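Here the structure comes first, spelled out in structure tokens, and everything after it is commentary.
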Amino acid sequence: MTNSPVSSSEGNSFDLLDPRIQHWIWASGWTELREAQDRAIPLILDGSEDLIIAASTASGKTEAAFLPILTRMVAPSPHPLLAIYISPLKALINDQWRRLEELTEKLEIVVTPWHGDIGQQRKERFLKSPQGCLLITPESLEALLCRRGHGLAGLLSRLAYVVVDELHAFIGTERGKQLQSLLHRIEKALGRPVMRIGLSATLGDMEGAAAFLRPDSSRNVSMIDSKGGGNELKVLVKGYLESTSSGANDPESAGVAKAAIASDLFRVLRGSSNLVFPNARSEVEYYADSLRDSCEQMGLPNEFWPHHGNLSKEVREGTEEALKQIDRPATAICTSTLELGIDIGPVKSVVQIGPPPSVASLRQRLGRSGRRKGEPMILRAYCIEEESDDPGISELLRENLLTTTAMVRLLAEGWYEPIRARKMHASTLVQQLLSTISQYGGAHAQRLWDLLCVSGPFRAVTSAQFASLLRELAKREIVFQDHTGLLFLAPAGERMTEHYTFYAAFATEEEYSIVSGNQTLGSMPITRPLSPDSYLIFAGRRWQVVSISSNEKVVEVKPAAGGTVPKFNGTMGADTHDRVREEMRKILRSSLAVPFLDAKGQELLAGARGNYCRMGLDHKWILQSGGEVQIMLWCGDVIKDTLALMLQQRGNRLAYEGGLSIPVKGATAESVREHLKELADGPAISPLELASSVQNKIGEKWDGLLPVELLDASFASAKLDVGGVQSVLRTRFNEE
DNA sequence: GACCTGCTGCGGAGTG
């Protein structure tokens, strides 16, 4: 292939591919293999190590994995091979299915998509001839193991590769723990390791990702980190001041800043395609409605479309289609639904309203713009600060503007939050235990312990905790042990594993469907049912409620002129990282101008710096104000929350609602100082003891089935950092 | 004090 039209920067990866695949590459008009593809091909063909491919969106990661996998599949062999591709989204499976079909058309390789929306016929065809590429979700794979476990070794006997897409979306979550367990159970059933390939755009640290992909380190994980040429970054952060003093209860005056932001967005975004991230579904509804209304007022076709997780598939696909149309401008107002790799067209700029949840998330969002060579990435951020008669510390230090400024600076430095995967997820152990018993139709306690906790991913669980979990499940008649020592599912356990809701590792609430005529607009939580005739803004439009059916959980609506933005049930917020809070303090201590702030932003920052000096915050971190004491730790939320619990456990009364400080009520600075000194220098309190003092620890799906001590341990692993508290307190005392 | 994701087997009606 000396005159091959496709060049390869290093080595001869192209030459290693099957000629038919080489022809496909040529016919697709590619002039060269991307760096990640070039490097991945020999490693995947060799197959003796695991692999992580981290490369930017639209850099051909999927092809990097599948070009060599398909080459292996079409090579002459007595046994046809099988590859499993695991995706966190059904939409992504459908995308990849289309792309792979195009590639495999002439190769006679069967590609089988498998998730909840795929018909039974296709699934049965795969079960009869389990080869080719299986594209599946973790939940469907769980169901496969749980229900067809007997034949698993036969079914997957040809398995040669496991590809995990969007790896970062799994790390540190219940779904990620479930996925690790599934991969381990498959290898144990086969009695051999299978090459694992992780694909990701954003990875804070590659070592952490490797430890996630192969937790027992029994195989080496190679890494391809192809960051790609960074496009120029253009940033503008705008500040807004909202007065909430005196007339604060007047609903008309609340939202002046939001209206100003909406009108600025209309002015700068019209005529191009953009993504707007306002941080909350209710805010998405506000801006989508307001911007669509502005288009209508001016007699223009609508360019603004909503996208969030409570909107129906049809509404979301409508927005995605509008974005893909290159010849017509379209801007999506969205939540993190548009952060993952669903295929949307190129966008000119990304708008962030309010502080981003994390630097990593900001980076992922920004990666959606400036995708073409030479085009800059454009970020416009809007920050609303409040001004009241009785300002708190967060208000005086302009926390929203300051957080956004700190995150933009860290982003520009190239820093983002490393992966945190120290959580035990004992809730998911309950699922894996029951699923494994179902898979084998009964199992010895010792075997389950070995499989899940000794060689498997629940390494943080002790044998005593595991034994107490089995006793708890037996007490609840979910499992029982026969005279030979085998564990079986009891009737309650069988009902659990047979119900379709068992296969997802994460919990969700029940919701009402919102229906207009024969169109389903989406769904809403049922904790706040609407009264008939009330008005509602949903899917970026205005509606009136016609009827509510509690039995069928359906709200019927019709178009209307009025409406208010709905409330959704938010869960706990994101944990801001230590480094972000340190950067915020650094900005307050400096007097240098921040060039990407607008005039109002500069003015607000100058005020915050003045307040920081006036309060003496450079050396003082325990402040007395009236009967309240404020503790300023300048650390991330996990440590701050842990200290709040420690103080509460020692009898302090807190008025803690997040923010920059921990307020202690009815105390003196001296007494609080004494407590903090003892905590800093005294023996470290055990995280389990601290956890046992916490009232509501139920957070994950099966937490309610855990014995007390295991629940405490699982809570502590996810939420507490006692060592971190001591270390931060010592730093603060030393600085005085 | 954000956001997001996913799900089997069967029975019955309707159609070719």
Side-chain angles (χ1 to χ4, degrees), chain A residues 86-93 114-121 123-124 127 136-148 165-166 168-179 182 277-284 307-311 313 316 333-342 352-358 360-362 364-365 394 399-400 403-404 407 428 431 435 438 494-509 511 522-523 525 567-576 636-638 640-641 644 655-660 662 699 701 719:
Chain A
I86 300 170
S87 154
L89 300 177
K90 291 188 287 190
L92 216 49
I93 287 178
W114 185 311
H115 56 65
D117 300 343
I118 300 292
Q120 221 153 9
Q121 278 200 342
K123 294 177 180 173
E124 268 153 27
L127 292 172
I136 195 166
T137 60
E139 288 73 19
S140 286
L141 192 55
E142 184 76 67
L144 210 52
L145 265 69
C146 187
R147 307 186 82 106
R148 303 174 198 269
D165 204 356
E166 305 281 359
H168 62 280
F170 288 109
I171 300 176
T173 69
E174 293 132 284
R175 263 182 128 187
K177 193 59 98 176
Q178 174 187 31
L179 175 61
L182 290 171
F277 291 95
N279 285 353
R281 288 164 289 183
S282 59
E283 298 291 292
V284 167
H307 198 283
H308 63 71
N310 282 77
L311 296 175
K313 202 170 133 192
R316 287 202 249 178
I333 325 294
C334 59
T335 58
S336 49
T337 40
L338 288 184
E339 247 179 56
L340 285 184
I342 304 173
Q352 173 68 46
I353 303 175
S358 66
S361 150
L362 178 62
Q364 185 91 359
R365 292 174 179 187
S394 289
E399 185 181 357
N400 291 331
T403 308
T404 303
M407 287 189 172
T428 308
Q431 180 200 35
S435 178
S438 172
E494 294 211 323
R495 280 196 299 278
M496 281 174 71
T497 54
E498 276 165 17
H499 199 265
Y500 69 96
T501 54
F502 175 73
Y503 310 111
F506 54 92
T508 43
E509 288 178 54
E511 293 180 329
S523 64
K567 286 210 165 75
F568 296 93
N569 287 334
T571 48
M572 306 254 274
D575 288 325
T576 300
D637 286 325
V638 173
K640 194 153 58 74
D641 290 355
Y656 185 50
E657 291 175 339
L660 286 173
I662 302 175
K701 192 167 174 181
K719 298 279 175 197

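Reminder, nothing fancy here: chain letters follow the sequence lines and each chain counts from 1. If you're wondering where the values come from, they're calculated on a predicted model, not measured in any experiment.
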* Which parts of nucleotides 7-16 of chain B does protein reach within less than 4.0 Å, heavy atoms only, written one letter per nucleotide 5' to 3' as B for base, S for sugar-phosphate only and - for none? -> BBS-------

* How close or far is atom C1' of B:dG6 from atom CD of A:E174, stated in whole angstroms? -> 12 Å

* Residue closer to the 5' end of DNA chain B, A:S358 versus A:F506 (nearest nucleotide) -> A:S358

* To do: Using side-chain contact (heavy atoms from CB on, under 4.5 Å) as the criterion, list what pairs up with A:R147, not counting sequence neighbours.
  => A:Y503

* Structure fact -> Taken in chain and number order and not counting sequence neighbours, the residues that satisfy side-chain contact (heavy atoms from CB on, under 4.5 Å) with A:T173 are A:R175

* Take the protein atom NE2 of A:H308 and the nucleotide atom P of B:dC4, then report the distance between them rounded to whole Å. => 8 Å

* **Partner residues of A:N279 under the side chain to side chain donor-acceptor pair (under 3.5 Å) criterion, sequence neighbours left out** => A:Q352

* Separation of atom CD in A:E339 from atom P in B:dA2, rounded to whole Å -> 16 Å

* Looking at A:R281, does any N or O in its side chain come under 4.0 Å of the phosphate oxygens OP1/OP2 on B:dC3? -> yes

* To do: Could you check how far CG of A:L311 sits from C1' of B:dC3, rounded to whole Å?
  => 13 Å

* For A:P88, answer base if it contacts any base atom (sugar-phosphate contacts may also be present), sugar-phosphate if it contacts only those atoms, and nothing otherwise; contact means non-hydrogen atoms under 4.0 Å. => sugar-phosphate

* Any residue meeting side-chain contact (heavy atoms from CB on, under 4.5 Å) with A:S358, in chain and number order, not counting sequence neighbours -> A:A360, A:S361, A:E417

* **Upstream residue (5' side of DNA chain B) when A:N279 and A:K701 are each assigned their closest nucleotide** => A:N279

* Asked: Counting any heavy atom closer than 4.0 Å, what does A:R316 reach on the DNA or RNA strands: base, sugar-phosphate only, or nothing?
  -> sugar-phosphate

* Asked: CD1/A:I136 to CG/A:L182 distance, rounded to the nearest 0.5 angstrom?
  -> 9.5 Å

* Let me know the distance between CG of A:L362 and P of B:dC3, rounded to the nearest Å. => 18 Å

* Would you mind reading off the distance between A:H168 atom NE2 and B:dT5 atom P, rounded to a whole angstrom? => 14 Å

* **B:dG1 base / A:D575 side chain donor-acceptor hit below 3.5 Å** => yes

* To do: Could you verify whether a donor N or O on one side chain and an acceptor N or O on the other, from A:T337 and A:H307, lie under 3.5 Å apart?
  => yes

* Round to the nearest Å and state the distance from A:F170 atom CZ to B:dC3 atom P. => 21 Å

* Structure fact -> In whole angstroms, the gap separating P of B:dG1 from NZ of A:K640 amounts to 10 Å

* Got a sec, which residues hit side chain to side chain donor-acceptor pair (under 3.5 Å) with A:K701, two or more places apart in sequence or on another chain? -> none

